[in-house]
There are 2 protein chains.
Amino acid sequence: MPAKRTAPSARRSGPQPTPAELRERILSATRELLRGRRFDDLSVADVLAAAGVSRASFYFYFPSKQAVLGELVRDAVAQGQQAARPWIAQEKDPIAALRAGVSDGARLWRENAGVLMAIVESWGSDEGLRDLWLEQMDTFTEAAAARINADPHARERLGSMDVRAVAASLTWMGERLYYLAAAGVPPFDDERVLIDTLTNAWTSALYGATVTRAEAVRGRADKPRSGT
Amino acid sequence: MPAKRTAPSARRSGPQPTPAELRERILSATRELLRGRRFDDLSVADVLAAAGVSRASFYFYFPSKQAVLGELVRDAVAQGQQAARPWIAQEKDPIAALRAGVSDGARLWRENAGVLMAIVESWGSDEGLRDLWLEQMDTFTEAAAARINADPHARERLGSMDVRAVAASLTWMGERLYYLAAAGVPPFDDERVLIDTLTNAWTSALYGATVTRAEAVRGRADKPRSGT
DNA sequence: AGGAGACCATACATAGTGTATGGACATCAA
DNA sequence: TTGATGTCCATACACTATGTATGGTCTCCT
């Protein structure tokens, strides 16, 4: 009997020309295809053709199309965890840090639009993707909640509000707005509007401050200016 | 040649036992099935069985499964337009009206959870549903923006922020939170938390007021006080 | 050399969508 | 009554997609 379906993990003892780089080829082909097509318009056959891999090999490495997406999402989000780092770590003026985090989020979404749009559109239809995405959102929520609780100003402003819930609502609002931006839905297709609006939502909820665009642009810590 | 595929609309001259109540049966069967199952776990065959209608009849009245959902959504959202009425019409204290609107939204979502969850999960994958949903969200956004512009207090608070964008962000945040609540995702599965959080998001963005839960519960019916 | 593991080609079972065909039956007009 | 029209049903088909199964090939390692 052929291919006894053993674990595809480390099993070899010596070097090999193409150990499991097929796995990588599948991942990156999927990532590329997702750049121009929606996840459920993407068939396994398409991935096969793009990756130059056989059907059998595909299913040897991944149990399903969804599993591939899951892995791509984990990769992408791992970067995202760092985007919120500055604000979380209380490294500088909270509002400036918040804006920086929102901007980094926008960049992350711009660079991984295909993958992230795919997960947002699909986590409702697949148990595994659902768990993955809820866990990711929860991680962000948890971090934001901890940060809020450590900030007397924000803490006081929220009064008896459920801090966790406020953090979650802002996190999910971000998910929605970034998605809409990636999908080209106005007015969020304009990155400046996206960042201003999202930053404002966070600051007005936590600090009661409304940062106008003018102030925002002036107060921007870094220099990643968007188009014109 | 049989069934010449004429328009299914009013074509008859006299009374008939079952003119097009089949159409209605299909709609309500789908609505019921959606109460316990996700839209894409629902096959046309399931609807056929539940409605007691043949496959041919189904496709005589509807071009697709999505079209049925579209019609159900229009029905449900028509009620929703009224939920926002009090605040939009400036009928009373804006914060109280806002909370009332958010509560009505929650009720609407509770009563039409199946249909609304279905559209939220599916508008990304179908052109028609996408247009429908974006149009609905736009209607809410437009109304909110108009209301904000008519309110000097809110208008001033937003400074140079893009009013339309702020209105859209709050609308979409609502979409997300109601959906999460319907899907049973904590902490929004607790309706009190959902309403408090969402109301707070609107009030803190527009009026700079944070309404705590205690105040909220006390003032729920008619006269809440704004925070601080 | 020969065995094992990685890979491929192909075919299959299953399930879903939307279309096509032909027939049953009721109403209405003549 | 007859026949045309229009509504509806049963069934079958064409197509697409997923995930599995079978067997063969190549290459490296021992």
Side-chain angles (χ1 to χ4, degrees), chain A residues 1-27 29-30 33 37-70 122 125-129, chain B residues 1-27 29-30 33 37-70 122 125-129:
Chain A
M1 55 195 78
K4 202 25 193 355
R5 185 60 57 84
T6 65
S9 51
R11 228 307 206 295
R12 49 199 51 286
S13 45
Q16 204 118 326
T18 48
E21 57 129 35
L22 277 222
R23 222 186 122 80
E24 209 52 49
R25 261 200 282 163
I26 291 171
L27 287 169
T30 304
L33 286 174
R37 211 183 313 192
R38 278 186 309 100
F39 184 64
D40 51 280
D41 279 349
L42 194 65
S43 74
V44 174
D46 295 329
V47 174
L48 265 32
V53 167
S54 81
R55 192 168 191 72
S57 298
F58 179 92
Y59 282 104
F60 178 76
Y61 288 113
F62 299 96
S64 68
K65 210 173 68 166
Q66 284 75 20
V68 178
L69 176 58
S122 310
S125 355
D126 181 90
E127 195 64 32
L129 294 180
Chain B
M1 54 196 79
K4 197 43 185 343
R5 186 60 58 83
T6 66
S9 53
R11 226 314 203 294
R12 51 201 49 285
S13 44
Q16 205 116 326
T18 47
E21 56 131 33
L22 278 223
R23 222 186 122 81
E24 209 52 48
R25 263 201 280 164
I26 290 172
L27 286 169
T30 304
L33 286 174
R37 211 182 314 192
R38 276 185 311 99
F39 184 63
D40 53 280
D41 279 351
L42 196 65
S43 73
V44 174
D46 295 329
V47 174
L48 264 33
V53 166
S54 81
R55 191 169 191 72
S57 299
F58 178 92
Y59 281 104
F60 179 75
Y61 287 114
F62 298 96
S64 69
K65 211 174 67 167
Q66 283 75 20
V68 178
L69 176 59
S122 310
S125 354
D126 181 89
E127 194 65 33
L129 294 180

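Protein chains get the first letters and strands the later ones, always in sequence-line order, with residue 1 at the start of each.
In this entry the distance linking CG of L42(A) with P of dT16(D) reads 16 Å, nearest Å. Rounded to whole Å, the distance from CZ on F58(B) to C1' on dT7(D) is 17 Å. Between L48(A) atom CG and dC8(C) atom P the separation is 9 Å, expressed in whole Å. The nearest whole Å value for the distance from the CZ atom in F60(A) to the C1' atom in dT18(D) is 20 Å. The CZ-P distance, from R55(A) to dG23(D), rounds to 19 Å in whole Å. Computed from coordinates, the Y61(A) OH to dG5(C) P distance equals 13 Å when rounded to whole Å. The interatomic distance linking D40(A) (CG) with dG16(C) (P) rounds to 17 Å, in whole Å. Between the P atom of dA6(C) and the CZ atom of R25(A) lies a distance of 15 Å, rounded to the nearest Å.
Listed here is the closest heavy atom pair of S64(A) and Y59(A): CA-CE2, 4.4 Å.
Considering only side-chain N and O atoms, Y59(B) lies under 4.0 angstrom from the phosphate OP1 or OP2 of dG18(C). Considering only side-chain N and O atoms, S57(A) lies nowhere under 4.0 angstrom from the phosphate OP1 or OP2 of dC7(C).
For the atom pair OH (Y61(A)) and CG (L27(A)), the distance works out to 11.5 Å, reported to the nearest 0.5 Å.
Nearest to the side chain of Q66(A), among dA9(C), dG19(D), dC9(D), sits dG19(D). Considering only the side chain of S64(B), dG18(C) comes nearest among dG18(C), dA10(D), dC7(C).
If you run side chain to side chain contact (heavy atoms under 4.5 Å, CB included) between V47(B) and each of L33(B), V68(B), V53(B), only L33(B) comes through.
Evaluation of the salt bridge (Lys or Arg N to Asp or Glu O under 4.0 Å) rule for R38(B) yields D40(B), D41(B) as partners, not counting sequence neighbours.
Residues D41(A) and A56(A) each lie close to DNA chain D; by heavy-atom proximity, the contact nearer the 5' end of the strand is made by D41(A).
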